[in-house]
Amino acid sequence: GGSLGAKTINESVQAGLQKLENANIQLIWQTGKGYFDKVKSFANIHKGLIIKDFIYEMNLAYACADVVISRAGALSISELCLAEKPTILVPSPNVAEDHQTKNALALTSQNAALLVKDIEAKNTLIDNALALLQDEAQQQKLKQNIKTFAQLNADETIVKEILKLVK
């Protein structure tokens, strides 16, 4: 949900905590700073639950993850492509020109991620995540396809383009 958090994702996870615990799923939950105080107490109630307001070393969180649930901002998608993680995207409906849905559709149309609409997330997100966690073939397909979107050395490409414009 990013540094500020995503209300829908937080509410969806909260609603599905018992299902996750019953399935013996460990969860790293980045709530965002605005939601952390409200949900941090769940870490004492549910086993296998790590709750953080913000994850500073996201590469380590990605390395631990079998499946990632994320908003569909450009930077998040870029990271997920490089991390090659099976991903469920929940695009925010509250962004200019609905660009997160467009970002998500670019991946889902190529079977590189799954999409759960924000309005449906509270009822379906955790069930979709549990189904994906049980489907290794689907996970492998998503990993294979998402890595084709990865832009290695994007920073160097951007700098080269800027230098061309400056000259």
Side-chain angles (χ1 to χ4, degrees), residues 1-10 12-13 20 25-36 48 50-118 120-121 124-126 128-167:
S3 60
L4 298 177
K7 181 180 180 190
T8 299
I9 293 175
N10 285 325
S12 301
V13 170
L20 293 167
I25 301 299
Q26 294 178 330
L27 177 68
I28 301 171
W29 182 5
Q30 178 180 294
T31 65
K33 295 185 186 307
Y35 298 94
F36 180 72
I50 298 168
I51 301 175
K52 299 286 184 185
D53 62 341
F54 186 76
I55 299 172
Y56 291 93
E57 294 178 315
M58 199 56 147
N59 60 322
L60 299 178
Y62 287 145
C64 294
D66 294 316
V67 168
V68 175
I69 296 170
S70 177
R71 284 299 197 190
L75 289 177
S76 296
I77 290 204
S78 178
E79 289 177 356
L80 292 163
C81 293
L82 290 167
E84 300 177 18
K85 291 295 174 176
T87 301
I88 299 174
L89 297 170
V90 184
S92 173
N94 305 314
V95 294
E97 299 177 17
D98 200 21
H99 72 267
Q100 286 200 8
T101 298
K102 293 172 186 168
N103 293 344
L105 290 173
L107 294 180
T108 60
S109 68
Q110 300 299 311
N111 201 19
L114 303 178
L115 183 139
V116 170
K117 291 180 182 178
D118 189 85
E120 299 168 356
T124 65
L125 181 59
I126 297 305
N128 280 292
L130 289 169
L132 181 55
L133 284 163
Q134 297 299 318
D135 189 342
E136 295 225 4
Q138 176 73 342
Q139 288 180 45
Q140 289 304 316
K141 189 183 304 182
L142 293 172
K143 284 180 188 181
Q144 282 290 121
N145 294 338
I146 201 168
K147 77 179 180 181
T148 65
F149 285 86
Q151 296 292 315
L152 302 175
N153 305 315
D155 55 342
E156 293 175 17
T157 303
I158 292 168
V159 169
K160 286 177 185 176
E161 289 300 313
I162 291 170
L163 290 174
K164 283 182 194 175
L165 293 172
V166 173
K167 290 182 180 180

Counting heavy atoms not belonging to Leu163, are there more than 12 under 6.0 Å from its CG?
->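 Correct, the count exceeds 12.
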Might you confirm whether atom NZ of Lys141 has over 12 heavy atoms from other residues, nucleotides or ligands at distances under 6.0 Å?
->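 12 or below, so no.
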Compare every heavy atom of [Y] with every heavy atom of [X], then report the nearest pair and how far apart it is.
| X | Y | answer |
| --- | --- | --- |
| Lys85 | Val68 | CB-CG2, 3.9 Å |
| Phe36 | Ile51 | CE1-O, 3.6 Å |
| Glu84 | Lys143 | O-CG, 3.3 Å |
| Tyr35 | Ala6 | CE1-N, 4.1 Å |
| Tyr62 | Ser76 | OH-O, 4.4 Å |
| Val116 | Ala121 | CG1-CA, 3.6 Å |

What distance separates [X] [atom1] from [Y] [atom2], expressed to the nearest 0.5 Å?
| X | Y | atom1 | atom2 | result |
| --- | --- | --- | --- | --- |
| Ile9 | Thr31 | CD1 | OG1 | 11.5 Å |
| Ile146 | Leu82 | CD1 | CG | 9.5 Å |
| Lys52 | Ile28 | NZ | CD1 | 9.5 Å |
| Asn145 | Gln140 | CG | CD | 11.0 Å |
| Thr108 | Leu105 | OG1 | CG | 4.5 Å |
| Gln30 | Ile69 | CD | CD1 | 12.5 Å |

Quick one: side chain to side chain donor-acceptor pair (under 3.5 Å) partners of Ser92, sequence neighbours excluded?
->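 Result, side chain to side chain donor-acceptor pair (under 3.5 Å) vs Ser92: none returned.
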Do Asn103 and Pro91 have side chains that get closer than 4.5 Å, going by heavy atoms?
->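 No, their side chains stay 4.5 Å or more apart.
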With no hydrogens and no angle check, is any side-chain donor or acceptor of Gln100 less than 3.5 Å from a backbone partner on Pro93?
->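 A pair under 3.5 Å: no.
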Walk me through it: do Val13 and Asn10 pass the test side chain to side chain contact (heavy atoms under 4.5 Å, CB included)?
-> CA-CA 5 Å; Val13 170; Asn10 285 325; 5.8 Å; no
Would you check, one step at a time, whether the test side chain to side chain contact (heavy atoms under 4.5 Å, CB included) holds for Thr87 with Leu142?
-> CA-CA 8 Å; Thr87 301; Leu142 293 172; over 6 Å; no
Please assess Arg71 against Asp118 for the test side chain to side chain contact (heavy atoms under 4.5 Å, CB included), listing each intermediate value before the final yes or no.
-> CA-CA 9 Å; Arg71 284 299 197 190; Asp118 189 85; 2.8 Å; yes
Would Leu114 and Asn128 satisfy side chain to side chain contact (heavy atoms under 4.5 Å, CB included), going step by step from the backbone distance to the final call?
-> CA-CA 9 Å; Leu114 303 178; Asn128 280 292; 5.7 Å; no
